[in-house]
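Since this is a predicted model, take the numbers as computed values, not measurements.
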Amino acid sequence: MNRQVTVVENILSANDQIAERNRATLDSNRVFSVNLMASPGAGKTSVITSTVAALQQDTRIAGIDGDLATSIDADRMAAMGIPAVQINTGGSCHLDALMLNKALEQLSLADVDLLLVENVGNLVCPSSFALGVHLNILIASVPEGDDKPYKYPGMYQGVDAVLLNKIDVLHAFDFDMEYFELGVQALNPGLMFMPISCTSNEGMDKWIGWLRQQAADYLISLGETGAIR
């Protein structure tokens, strides 16, 4: 047992070191980066494409998509006119810092203000592997049920915000919003929680406004002023 724990610790330590290098690379190019995590079908790609549509007129955006196979989601990003890199994990249930490092090499970061990273659809592994990004966002969805914070606490701890997607179909499901948010806040007190719908656009203005403010605060932390372009 001790040997197994040591191996896991070594793997995570090596990952964290590469994550630090990724962060340094992003900061040197003043690229604000966001890691979006969710279960399959929760709407990661829909949130990304909606975010791109809202910001791309005044912000230079790039995307990185992680998936077990295919380039379907990266193709959807590219179809919107933004640089997009596909990472096929070959069966791995998450992105790690090395995968992101290799993907960053394929982007012209000097021409990017905002990097959106779509992690592999999974509610277990992605939270364990730091990537070096600036924000970690968890996307939940109404059809998944209101018990997910209680069943997958690790995913809800350590994230910077939770988006509850597909609230346009709330009436069709036995979903207790108060119960869901109570679980979220118990795991991550004071966490930013935003119910949204990519279909009806409800709540999307709050998400976009919050993201812009986070990016502006990031630039201030680098000694600059303004907002993502």
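- Side-chain polar atoms of D160 and H134 form no donor-acceptor pair below 3.5 angstrom.
- By the criterion of side-chain heavy atoms lying less than 4.5 angstrom apart, applied directly or through intervening Ile, Leu, Val, Met, Phe, Trp or Tyr residues, V133 is grouped together with I87 in one hydrophobic cluster.
- The shortest side-chain heavy-atom distance between D217 and L219 does not fall under the 4.5 Å cut-off.
- With a 6.0 Å radius and a threshold of 12 heavy atoms from other residues, nucleotides or ligands, I72 has its CD1 atom at or below the threshold.
- A donor-acceptor pair shorter than 3.5 Å cannot be found between the side chains of D16 and S13.
- In the hydrophobic clustering of ILVMFWY residues, with side-chain heavy atoms under 4.5 Å counting as a link, Y218 and L135 come out together.
- With 3.5 Å as the limit, one finds a donor-acceptor pair spanning the side chains of D168 and S197.
- Put simply, the side chain of L95 reaches to within 4.5 Å of the side chain of V117, judged on heavy atoms.
- Under 3.5 Å, the side chains of Q157 and S127 contain no donor-acceptor pair of N or O atoms.
- The list of ring-ring contact (aromatic ring centres under 6.0 Å, His included) pairs with a residue in residues 41-62, not counting sequence neighbours, is empty.
- Among residues two or more places apart in sequence or in another chain, the ring pair (Phe, Tyr, Trp, His ring centres under 6.0 Å) test is passed with Y156 by none.
- Closest approach of A103 and V85 over heavy atoms only: CB-CG1, 3.9 Å.
- Note that CH2 of W207 and OG1 of T51 are 5.5 Å apart. Values are rounded to the nearest 0.5 Å.
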Can you check side chain to side chain donor-acceptor pair (under 3.5 Å) on D96 and N15, steps first, answer last? CA-CA 7 Å; D96 61 29; N15 182 83; over 6 Å; no
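- S33 OG to R23 CZ: the interatomic distance, rounded to the nearest 0.5 Å, is 6.5 Å.
- Here T25 contributes atom OG1 and R21 contributes atom CZ; the two are 8.5 Å apart, rounded to the nearest 0.5 Å.
- Ring geometry, F180 versus F193: the interplanar angle falls from 30° to 60°, so the pair is classed tilted.
- Within the 4.5 Å cutoff, the side chain of I137 has no heavy atoms near those of the L211 side chain.
- A salt bridge links D113 with R30: the closest approach of a Lys/Arg side-chain nitrogen to an acidic carboxylate oxygen falls below 4.0 angstrom.
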